[in-house]
Amino acid sequence: MRKTVREAARATRQLAPAAVLSFGSYLFITVLLIGAVGAVSVIAIGLLPETVLLVRRIAGAKRRMVAAWTGQEIPEAYQPVEGTVRERVRTVVRDPGTFTDLRWMVAYYAYGCLPYLAIPLWPLGLLVDGVWCGLLRREAVVLPLIGRLADLDARWSTALLKPSPKAELAVRVEELTETRAGAIAAHGAELRRIERDLHDGTQARLVSLSMRIGLAKRAYDRDPEAARRLLDDAQDQAEEALTELRHVVRGIHPPILTDRGLAGAVRALAASSGLDVAVTVDGLEDADSEQDGARAPAAVEAAAYFVVAESLTNAAKHSGAERAEVGLVRTGKGLRVTVRDEGRGGADEAGGSGLLGMRRRVAALDGTLRLNSPVGGPTVIEVELPCVW
């Protein structure tokens, strides 16, 4: 009996805010219907976007209530309401999420009374179940109905508030548009960096090399010692140019990724980072083998490598940390990369620390990057990169 009462009390705590929300919805829908009469006026049409945004907030509150009861999130799929009044009205009218929310509100006008049914069930349940359970030692029959009411309310709300495939497709198209723009920007920035490195470094050294060889040819007959010194300088210039070319190539696709795989490349990064870095690998230990299919696609490995490299560089330069941790985990749907340092925290994408470039590189592969860096630390960067193994 005591367990039954606790479960009924928990269901009542779930139904109580639902009852408040349903009462507010009754008032809101009534006012909305009254205001719909004047929808032909310019003022009423101008208020339509704000009304839809209010409906979204009400539906969002219901989604959070259902998620708290069921433990499963109900996704949202809305188009952003921006621009002029005409554009905002056009957006909310064409957004499939608007119809979904309005459909739920109309239905909630009918089934929103479910929470109120719990009120008479409490005294009846305490009386009936008190005798039924306390004296006859049988299972409760009335108080469990309160939990079933909460389940029914959550089940109907989930079915009605779940975004339609059309709404999810619209949101997905919007995300892909932003991702494509970010990928183009990142690609352009990468090309400009490569061009700058070649122009300012390698090209200048090759020009100097050519000049020294030319001077050595002219001085060879009259001053062999001077020609030999010029040739030595030219050899040094050639070696420096090769070093810079290797640096540019590593910036495009590090050869170590091809030779040692992602796990080996990250361990090499950790060894040369200047920090005490602990690397944990799950599912990628045999990445050098081409037979077990443990290698991720080259683009995914490169993105993961650059995320780790940039994160460790930021930690060494800005965080003040002495230790860091890097985790590589092979998941069923892709690759998870986690970089954690115990520094001062407070990392900000607007601070020019390379986080925006990392996010764009990850987004170009349809991945996600999550940053958690409270002031005082620690800083945790978690990246999910989808791929097929």
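The basis for the numbers below is simple: all heavy atoms, side chains too, and nothing from hydrogens, waters or symmetry mates. Numbers for residues simply follow the sequence, beginning at 1. Note that the structure is a prediction, hence the values are computed from the model and not measured.
The minimum heavy-atom distance between Arg88 and Leu53, with the atom names listed, is NH2-CD1, 4.1 Å. Considering every non-hydrogen atom in both Ala265 and Arg260, the closest pair reads N-CB, 4.4 Å. For Ala118 against Ile146, the heavy-atom pair with the smallest separation is CB-CG2, 4.1 Å. Residues Leu117 and Pro120 share a closest heavy-atom pair of O-CD, 3.2 Å. Here the closest non-hydrogen pair linking Arg344 and Gly320 is NH1-N, 3.7 Å. The two residues Ser157 and Val66 make their nearest non-hydrogen contact at CB-CG2, 3.8 Å.
When side chains are defined from C-beta on, Leu269 does not count as touching Val279, because their heavy atoms never get closer than 4.5 Å. Annotation: side chain of Lys62 is in contact with side chain of Asp153 (closest heavy-atom distance under 4.5 Å). Annotation: side chain of Asn314 is in contact with side chain of Glu310 (closest heavy-atom distance under 4.5 Å). Within the 4.5 Å cutoff, the side chain of Trp69 has no heavy atoms near those of the Thr158 side chain. Counting heavy atoms from C-beta outward, Leu114 and Trp156 have side chains that approach closer than 4.5 Å. Under the 4.5 Å side-chain criterion, counting only non-hydrogen atoms from C-beta, Pro115 is not in contact with Leu149. Using a 4.5 Å cut-off on side-chain heavy atoms (C-beta onward), Leu371 and Leu355 make contact.
If you take CG on Leu328 and OG1 on Thr338, they are separated by 8.5 Å, rounding to the nearest 0.5 Å. Atom CG in Asp366 sits 12.0 Å away from atom SG in Cys387 (nearest 0.5 Å). Once rounded to the nearest 0.5 Å, the distance linking CG of Leu230 with CE of Met211 reads 10.5 Å. Interatomic distance, CD of Glu325 versus OG1 of Thr280, reported as 7.5 Å (0.5 Å rounding). Going from atom CG of Leu145 over to atom CG of Asp151 covers 11.0 Å, rounded to the nearest 0.5 Å. To the nearest 0.5 Å, atom CG of residue Leu124 and atom CD1 of residue Ile119 are 14.0 Å apart.
Following chains of ILVMFWY side-chain contacts shorter than 4.5 Å, one cannot reach Leu215 starting from Ile213, and the two form parts of different hydrophobic clusters. Hydrophobic clustering (ILVMFWY, side-chain heavy atoms < 4.5 Å, transitive): Val329 and Leu262 are in distinct clusters. A chain of hydrophobic side-chain contacts below 4.5 Å, direct or via other Ile, Leu, Val, Met, Phe, Trp or Tyr residues, connects Val55 to Met65. The hydrophobic clustering, which links ILVMFWY residues whose side-chain heavy atoms are closer than 4.5 Å, places Leu161 and Tyr78 apart. Tracing side-chain contacts under 4.5 Å through hydrophobic residues (I, L, V, M, F, W, Y), one never reaches Ile58 starting from Phe99; they form parts of separate clusters.
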Assess whether salt bridge (Lys or Arg N to Asp or Glu O under 4.0 Å) is satisfied between Arg212 and Asp232, documenting all intermediate values. CA-CA 9 Å; Arg212 278 175 169 74; Asp232 290 339; over 6 Å; no
When you look at Asp101 and Arg56, which way does the side-chain contact (heavy atoms from CB on, under 4.5 Å) test go after all the steps? CA-CA 7 Å; Asp101 289 349; Arg56 289 184 181 182; 3.8 Å; yes
Under the salt bridge (Lys or Arg N to Asp or Glu O under 4.0 Å) criterion, do Arg228 and Glu225 qualify, and how do the steps go? CA-CA 5 Å; Arg228 186 175 294 108; Glu225 289 297 326; 2.8 Å; yes
For side-chain contact (heavy atoms from CB on, under 4.5 Å), just list the numbers for Val383 and Met358, CA-CA rounded to whole Å, side-chain angles, deciding distance to a tenth of an Å, and then say yes or no. CA-CA 10 Å; Val383 172; Met358 291 187 343; over 6 Å; no
Before giving the answer on side-chain contact (heavy atoms from CB on, under 4.5 Å), spell out for Thr98 and Val93 the whole-Å C-alpha distance, their side-chain angles and the decisive distance to 0.1 Å. CA-CA 7 Å; Thr98 302; Val93 169; over 6 Å; no
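Arg361 places no side-chain N or O within 3.5 Å of a backbone atom of Val307 that could act as its donor or acceptor partner. A distance-only check finds no donor-acceptor pair linking the side chain of Arg323 to the backbone of Glu342 [under 3.5 Å]. With Ser273 contributing its side chain and Ala270 its backbone, the two residues share a donor-acceptor pair below 3.5 Å.
Atom CZ of Arg370 has more than 12 heavy atoms from other residues, nucleotides or ligands within 6.0 Å. Applying the 6.0 Å contact sphere to CD of Glu87 captures more than 12 heavy atoms from other residues, nucleotides or ligands. Counting heavy atoms of neighbouring residues, nucleotides and ligands inside a 6.0 Å radius, atom CZ of Arg103 exceeds 12 of them.
Cluster partners of Val380 are absent, since no Ile, Leu, Val, Met, Phe, Trp or Tyr has side-chain heavy atoms less than 4.5 Å from it.
Ring geometry for Tyr111 against Tyr108 counts as perpendicular: the plane angle is over 60°, on a 0 to 90° scale with 30° as the lower cut.
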